Each structure stands twice: as structure tokens, then as C-alpha cells.
Amino acid sequence: MEKDNTLFCFCVFLALLQCGIGVDAHRYGRLKLFVFGDSYADTGNFRKSAASSWKEPYGVTFPGRPTGRWSDGRVLTDFLASLLRIRSPLPYKWRRLSPKLLRYGMNYAYGGTGVFDTLVSAPNLTAQIELFRNMIEEGNYSKLDIQSSIALVSLAGNDYTAYQARNGSLQNVTTFVASVINQLALNLKQIQEIGVKKIAVTAIEPVGCLPDATIVSSYQKCNESMNGISIFHNLLLQKAVEGINNSSKNESTIALIDLYSAFMFAFRNQTNQGKRRFENHLKPCCAGIRPGTTCGSVDSSGAKLYTICDDPKSTFFWDGVHPSQGGWSAISSYLRGTLNQLYN
């Protein structure tokens, strides 16, 4: 992976927003954020009856109650919206209840989903884009709205989780990775064809460093074999993005957000003003107390089957897969710091 190039690309992407499209769009109140993907970006779409994100202790840091976010607080969508100086877009699920909030864009992301159908019953990426297209056809957004908007496509590797579950292992996964990237490239082109001028797509995080993977080492080390899948995925994605940008016949730009490097940087630089920022960066704050239980699990009487750390701010991960608000803040700060260097 060419870390510096991908981070530079993201910084240029944000700089364009601040200095070009972002300025004009803010001036006329048209800047909107449209979000597609999975639980790293979902702010409340997944149905309450089937999602732990709607159960305590999710949302304990922000806003103090569960909101459908897969964290103790804010997630990637919220931090990107803050960088753009707009309100976090409304989850698609609530579009009928809060029509006035459509002016900030729309969040179509559903936890657990991927490029293809995964292990959850929710719209995959292609279906999410179709929901977006339908709302445009219904007259919710004008051509000018779309041209001055930003799209975030966030995928954290659920396709590979589903592949492993269906095949019993990750054998021959490289062929599947290529098919994932090919479909993702088609999806990015679909968003371009709709008229969105600026698209940000995430590289996937080091999946071998997620607590669900590091628990076998008592949260002491990453699984490098699994990280190899992330590296291969990101390499193919970078080439696909470069190919689309080079062949694009319009002014649309796709930028790669290098979450892999951002995660690894946060792991290596755990101190903040001389103080330790995260305790064990591979250990989750919230976890089940026995096999088969996870963060938010309760028994038939309502008794908690999970433990939660004393201070979520001291952990990078909230549960077995998702960063805490503090973790996302560290990632956002890393990318924002690079942007500040670019300005200087």
C-alpha cells in the first residue's frame, strides 16, 4: 500500500471541499452528505429488534442512550459531517418522520452489510444506491443538490466475514477479494452517474487487529494473516479508484480514505501530551462475559451478560469490532492533522 498517496488524496479531497465545492455549497446551503455502507457509518438504520446498537450500553458516551450507532458515541459519519461543518445526515429509516432534516443529506448505511449480501437481512451497497436514486426520482433532491453533495462509501469487511462463515475458512479468498473490488468499482461509478461530484470511499481497517481477532492472544497481538486480506483488498481498491479517476469523463473525483493506516497510526501513537491515551488498544471496552454473549447481551430476566470498562475514553475499541468514540476521534484527528499540514 502507498500510505502517503492515499492520505494525500484524502487531504486533497477535503481541501477541495473547503476551498471549492464546499465554499459555494455552504454559501447556498446546499452541501449535503450521502452515506452508504455498514456499521462504521450507520447512525440508526438497522431495525431495533435485531441490533445490539439499540441496546444499552451503546450510546453511553453520546448522547447518553442508544441511537442505533455501533459505538459508545459518535461514528465515522458524525466526524466527517463535523469536518464538513454540517449536521450528521438523517438515517434513511427516519426520512418520513423528519422531512425537514433532508436538507443535510441522507444516511443509507446499514450495519452488517457489504458489497454483496452478507449474513444480515438488510440492503447491500447496490440496494442502498437504489434507495438514493429513488429519493431523487421522487423529487427530494434536485440536480444541483446532487452536484454539490458529498458521498461517503464505508465498508469494513463484512463480505469477508460472510465468506468465511459460508466456506468454513478464508481459503481462496483472494479470488473473492477481486470480485468484491470489481463490484465496488461498479457501485462507485453508479454514484458518479447519478451526478455526485465528490466521493470518499474507505479502505478497510486492519481486520486482524479487531478484538474479535485478537481475543485468542488475550488482546496482545494482531492476526497478521487476516491483516494480509485487508492489505490486498486495499491495494486492489487503490488501483480501481485510480483507474476510475483516470478514465472519468466528468469532474467527479473519488478519494480513498486510508482507515488501515489511520488505525495503525493510532495504535503506534497512544500517548496524548505525555499521557497514555489508550490502555490496551486491542482490548474492547464492552464485551460479553461468556462464549455466545456480546456487548449488550442480557438473559431472560434482563440481567447483564456483559462487562463495560470504567472509562470508554481510555479504549480504542468499544466492542469486538467497532471503535469507540475516542477511537474514531483519534482516527479523525490523524486525518485532520494531515490536512492542516497540507494547508501550511
Side-chain angles (χ1 to χ4, degrees), residues 1-3 5-6 35-42 46 70 76 108-131 151-192 199-216 222-245 247 254-264 320-323:
M1 291 177 57
E2 298 179 13
K3 176 178 65 176
N5 288 341
T6 52
V35 182
F36 310 88
D38 54 26
S39 57
Y40 276 20
D42 186 357
F46 209 93
W70 302 80
L76 178 61
Y108 301 94
Y110 282 78
T113 61
V115 171
F116 299 117
D117 290 340
T118 57
L119 303 177
V120 302
S121 178
N124 63 22
L125 183 55
T126 300
Q128 292 175 25
I129 295 171
E130 190 61 26
L131 295 176
L152 168 65
V153 179
S154 170
L155 296 167
N158 291 317
D159 289 289
Y160 304 123
T161 301
Y163 177 92
Q164 184 175 22
R166 290 165 179 160
N167 294 277
S169 72
L170 290 170
Q171 187 175 2
N172 300 321
V173 72
T174 54
T175 301
F176 181 66
V177 173
S179 66
V180 169
I181 297 302
N182 288 339
Q183 180 59 48
L184 177 54
L186 292 175
N187 290 137
L188 294 174
K189 291 176 183 178
Q190 288 175 334
I191 297 174
Q192 281 187 327
I199 303 171
V201 58
T202 62
I204 63 173
E205 74 287 358
V207 294
C209 296
L210 301 180
D212 277 358
T214 63
I215 188 174
V216 296
C222 299
N223 183 317
E224 296 305 330
S225 295
M226 295 180 66
N227 280 351
I229 297 173
S230 294
I231 293 172
F232 184 59
H233 170 103
N234 294 339
L235 176 62
L236 294 188
L237 177 58
Q238 181 177 346
K239 291 181 178 179
V241 167
E242 290 173 352
I244 296 172
N245 284 336
S247 63
I254 301 175
L256 187 64
I257 300 180
D258 192 355
L259 287 187
Y260 189 102
S261 295
F263 272 60
M264 298 304 285
V321 176
H322 306 98

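Owing to the predicted nature of the structure, the values given are computational and were not obtained by experimental measurement.
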Is the backbone of Pro123 close enough, under 3.5 Å, to the side chain of Gln128 for a donor and an acceptor to pair up by distance? yes
Taking all non-hydrogen atoms of both residues into account, name the closest pair between Ala185 and Ala240 and its distance. CB-CB, 4.4 Å
Side-chain contact, heavy-atom cut-off 4.5 Å: Thr126 with Glu130? no
Taking Asp38 for its side chain and Ala156 for its backbone only, find out whether a donor-acceptor pair lies under 3.5 Å. yes
When every non-hydrogen atom of Trp70 is compared with those of His322, the smallest separation belongs to O-CB, 3.1 Å
Aromatic ring pairing Phe36/Tyr108, orientation class (parallel under 30°, perpendicular over 60°, tilted between): parallel
Could you check Ile191 against Ile129 for side-chain contact (heavy atoms from CB on, under 4.5 Å), going step by step and ending with a plain yes or no? CA-CA 7 Å; Ile191 297 174; Ile129 295 171; 3.8 Å; yes
Between atom CG of Asn227 and atom CZ of Phe263, what is the distance when rounded to the nearest 0.5 Å? 11.0 Å
Cys209 vs Met264 side-chain heavy atoms within contact, under 4.5 Å: yes
When you measure from the side chain of Tyr163 to the backbone N and O of Gln171, does any donor-acceptor pair fall under 3.5 Å? yes
For the pair Ser230 (side chain) and Val207 (backbone), establish whether a donor and an acceptor sit closer than 3.5 Å, ignoring hydrogens and angles. yes
Look at the aromatic rings of Phe176 and Phe116 and report parallel, tilted or perpendicular, splitting at 30° and 60°. tilted
Keeping the roles fixed (side chain from Thr118, backbone from Gly112), state whether a donor-acceptor pair exists under 3.5 Å. yes
Quick check for you: to the nearest 0.5 Å, what is the distance between Asn158 atom CG and Leu119 atom CG? 8.0 Å
Provide the closest heavy-atom pair for Leu155 versus Thr202 in the form atom of the first, atom of the second, distance. N-OG1, 3.1 Å
Run the side-chain contact (heavy atoms from CB on, under 4.5 Å) test on Tyr260 and Ile204 for me, step by step, so that the C-alpha distance in whole Å, both residues' side-chain angles and the decisive distance to 0.1 Å come before the verdict. CA-CA 6 Å; Tyr260 189 102; Ile204 63 173; over 6 Å; no
One should read off an interatomic distance between Leu170 CG and Gln164 CD, to the nearest 0.5 angstrom, of 4.0 Å
Greater than 12 external heavy atoms within 6.0 Å of Ile215's CD1: no
Looking only at heavy atoms, the pair that brings Tyr40 and Val321 closest together is OH-O, 2.9 Å
When you compare the side chain of Ser39 with that of Phe46, does any pair of heavy atoms fall below 4.5 Å? no
Side chain Asn223, main chain Gly208, donor-acceptor under 3.5 Å: no
I want to check something: taking the side chain as every heavy atom from C-beta on, are Ile257 and Leu152 in contact at a cut-off of under 4.5 Å? yes
Yes or no on side chain to side chain donor-acceptor pair (under 3.5 Å) for Asn187 and Gln190, after CA distance, side-chain angles and deciding distance? CA-CA 5 Å; Asn187 290 137; Gln190 288 175 334; 3.1 Å; yes
So OG1 of Thr214 and CE of Met226: to nearest 0.5 Å the spacing works out to 10.0 Å
Gln183 side, atom CD; Asn124 side, atom CG - distance, nearest 0.5 Å: 8.0 Å
Heavy-atom side-chain contact between Asn182 and Leu186 under 4.5 Å: no
On a heavy-atom basis, the closest approach of Val216 and Ala213 is CG2-O, 3.5 Å
Just by modelled atom types, is the Tyr110 backbone N or O under 3.5 Å from a matching donor or acceptor in the Thr113 side chain? yes
Audit row: Gln192, Ile254, side-chain contact (heavy atoms from CB on, under 4.5 Å) steps and yes/no: CA-CA 9 Å; Gln192 281 187 327; Ile254 301 175; 3.8 Å; yes
If you round to the nearest 0.5 Å, how far is CG of Leu235 from CD1 of Ile181? 9.5 Å
